[in-house]
Colleague: 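One structure coming up, written as structure tokens, with questions to follow.
On a predicted model such as this, the values are computed, not experimentally measured, just so you know. Sequence lines set the chain letters: A, B, ... in the order given, protein chains first and strands last, and positions in each chain run from 1.
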Amino acid sequence: MPRAAVAEAFQRWQTANPTPTTELEYGNGFQLLVAVVLSAQSTDKGVNLATRRLFPVAPDAAAMATLGEAGIAEHIKTIGLYRNKAKNVAMLSRILLERHAGEVPADRGALEALPGVGRKTANVVLNTLFRQPTMAVDTHIFRVANRMGLAPGKDVLEVEKALLRRVPKDFLLDAHHWLILHGRYVCTARKPLCGQCIVRDLCEYRDKTD
DNA sequence: ATCCCGAGGG
DNA sequence: CCCTCTGGAT
């Protein structure tokens, strides 16, 4: 896809949705971090159902550490991978208390040192919470970037670099959320809704059927 | 490369 | 039934 088409696509997404953000529900930075950790291979909708039970009981790192792995697991059993996630959230809460006064660090290295936090989760937290121009490449963005020809790559790190290279600076801060929402509601995995896509004429895929 | 792992959609 | 969902650790 030509550079001008990339810019045009983001221009349209911005016009349609000037201030995009996450659909995860959270009341503070700690809750956003936990919600993103829980969102691995799960829908935001499902995560929100679980955190509506979990966060009233454990709104911060101290309360979460006190609740502990077993208590956390009880509240999030409806999400996939819940045993690993309960273990990670319990440990991560303890580490935040010990090393960061219970606060979420605005630092990639410190974030990725937390259990259950890899490059993608760190990128989401840095962007959503601290407004840094990172590009977290998840299943949606990997698919959209490759399918449209927006920023092709064989793995998520390649797509991340390609996006950082190709997305105009003015759109970089919000690009992550536009791409997520586009992938979730329009450029879906199974049957993309090309009929209601506002960037269809710029897309290398259009309504092919794979 | 494999495991983790529930809910919703087709 | 199979596929997908804002992945990470081993």
Colleague: Give the first and the last nucleotide of DNA chain B, reading 5' to 3', that has any atom under 4.0 Å from a heavy atom of chain A.
Modeller: dC4(B) to dG9(B)
Colleague: Could you note down all residue pairs passing side-chain hydrogen bond (donor to acceptor under 3.5 Å, both in side chains) where residues 56-74 of chain A supplies at least one of them, sequence neighbours left out?
Modeller: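 Residue pairs passing side-chain hydrogen bond (donor to acceptor under 3.5 Å, both in side chains), neighbours aside: Glu74(A)-Lys77(A).
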Colleague: With sequence neighbours excluded, what pairs up with Asp138(A) under the side-chain contact (heavy atoms from CB on, under 4.5 Å) test?
Modeller: Lys120(A), His140(A), Ile141(A), Ile180(A)
Colleague: Does a side-chain heavy-atom distance below 4.5 Å link Thr51(A) with Leu24(A)?
Modeller: no
Colleague: Grab the CZ-C1' distance between Phe142(A) and dG8(C) for me, whole Å please.
Modeller: 17 Å
Colleague: Heavy atom of residues 84-91 of chain A under 4.0 Å from DNA chain B: which residues?
Modeller: Asn84(A)
Colleague: Looking for any heavy atom pair under 4.0 Å, which part of the strands does Leu114(A) touch: base, sugar-phosphate only, or nothing?
Modeller: sugar-phosphate
Colleague: Do Val34(A) and Phe55(A) touch side chain to side chain, with heavy atoms closer than 4.5 Å?
Modeller: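 They are in side-chain contact.
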Colleague: Quote, to the nearest angstrom, the P distance that separates dT10(C) from dC5(B).
Modeller: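 My reading of the P atoms in dT10(C) and dC5(B) gives 15 Å.
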Colleague: Using heavy atoms to find the nearest nucleotide of DNA chain B for Lys191(A) and Gly80(A) separately, return the residue whose nucleotide is more 5′.
Modeller: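 This one resolves to Gly80(A).
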Colleague: Are side-chain heavy atoms of Leu92(A) and Leu33(A) found at a separation under 4.5 Å?
Modeller: yes
Colleague: Once you round it to whole Å, what is the distance between P of dG8(C) and CG of Asn123(A)?
Modeller: 9 Å
Colleague: Heavy atom of residues 162-178 of chain A under 4.0 Å from DNA chain B: which residues?
Modeller: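 By residue number: none to list.
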Colleague: Heavy atoms under 4.0 Å, any strand shown: does Val117(A) hit a base, just sugar-phosphate, or nothing?
Modeller: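 Counting heavy atoms under 4.0 Å across all strands, the contact made by Val117(A) is with sugar-phosphate only.
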Colleague: Between dG7(C) atom P and Ile141(A) atom CD1, what is the distance in whole Å?
Modeller: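 Result: 10 Å.
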Colleague: Are Leu49(A) and Val47(A) linked, directly or through intermediate hydrophobic residues, by side-chain heavy-atom contacts shorter than 4.5 Å (ILVMFWY only)?
Modeller: no
Colleague: What are the residues of residues 28-43 of chain A, sorted by number, that bring a heavy atom to within less than 4.0 Å of DNA chain C?
Modeller: Ser39(A), Ala40(A), Gln41(A), Ser42(A), Thr43(A)
Colleague: If you find the nucleotide of DNA chain C closest to Ala136(A) and the one closest to Pro115(A), which residue's nucleotide is nearer the 5' end?
Modeller: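 Its nucleotide being nearer the 5' end, the pick is Ala136(A).
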Colleague: Pick base, sugar-phosphate or nothing for Lys45(A), based on heavy-atom distances below 4.0 Å to the nucleic acid.
Modeller: nothing
Colleague: Heavy-atom distance under 4.5 Å between the side chains of Thr121(A) and Val37(A), does that happen here?
Modeller: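 SC-SC contact between Thr121(A) and Val37(A) confirmed.
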Colleague: To the nearest angstrom, how far is Asp155(A) atom CG from dG7(C) atom P?
Modeller: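 That distance rounds to 15 Å.
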Colleague: Does the side-chain contact (heavy atoms from CB on, under 4.5 Å) test come out yes or no for Leu179(A) and Phe142(A), once each step is laid out?
Modeller: CA-CA 9 Å; Leu179(A) 291 169; Phe142(A) 183 76; over 6 Å; no
Colleague: What I want to check is whether the side chains of Thr78(A) and Arg53(A) have a donor and an acceptor closer together than 3.5 Å.
Modeller: yes
Colleague: Hydrophobic clustering (ILVMFWY, side-chain heavy atoms < 4.5 Å, transitive) - are Met135(A) and Leu181(A) grouped together?
Modeller: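 Hydrophobic grouping puts Leu181(A) apart from Met135(A).
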Colleague: Under 4.0 angstrom, heavy atoms only, what part of the nucleic acid is Arg83(A) near: base, sugar-phosphate, or nothing?
Modeller: sugar-phosphate
Colleague: Using 30° and 60° as the class boundaries, would you call the ring planes of Trp13(A) and His182(A) parallel, tilted or perpendicular?
Modeller: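 Geometry flag for His182(A) against Trp13(A): tilted rings.
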Colleague: Just checking Arg131(A): does its CZ atom have more than 12 heavy atoms from other residues, nucleotides or ligands closer to it than 6.0 angstrom?
Modeller: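 Atom CZ in Arg131(A) is packed in, count exceeds 12.
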Colleague: Mark yes when over 12 heavy atoms from residues, nucleotides or ligands other than Met1(A) sit less than 6.0 Å from its CE; otherwise mark no.
Modeller: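 Enclosed: over 12 neighbouring heavy atoms sit under 6.0 Å from CE of Met1(A).
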Colleague: To the nearest angstrom, how far is Arg119(A) atom CZ from dA9(C) atom C1'?
Modeller: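 For the pair Arg119(A) CZ and dA9(C) C1', the rounded distance is 17 Å.
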Colleague: Can you confirm whether more than 12 heavy atoms, excluding those of Glu112(A), are under 6.0 Å from its CD atom?
Modeller: yes
Colleague: Under 4.0 Å between a side-chain N or O of Arg143(A) and OP1 or OP2 of dC5(C)?
Modeller: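 Yes, within the criterion.
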Colleague: If you look at every strand shown and take non-hydrogen atoms under 4.0 Å, does Thr22(A) touch a base, only sugar-phosphate, or nothing?
Modeller: base
Colleague: Under 4.0 Å, heavy atoms only, any strand: does Gly116(A) hit a base, just the sugar-phosphate, or nothing?
Modeller: sugar-phosphate
Colleague: Where the side chain of Glu23(A) meets the backbone of Lys45(A), is there a donor-acceptor pair that is under 3.5 Å apart?
Modeller: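 No.
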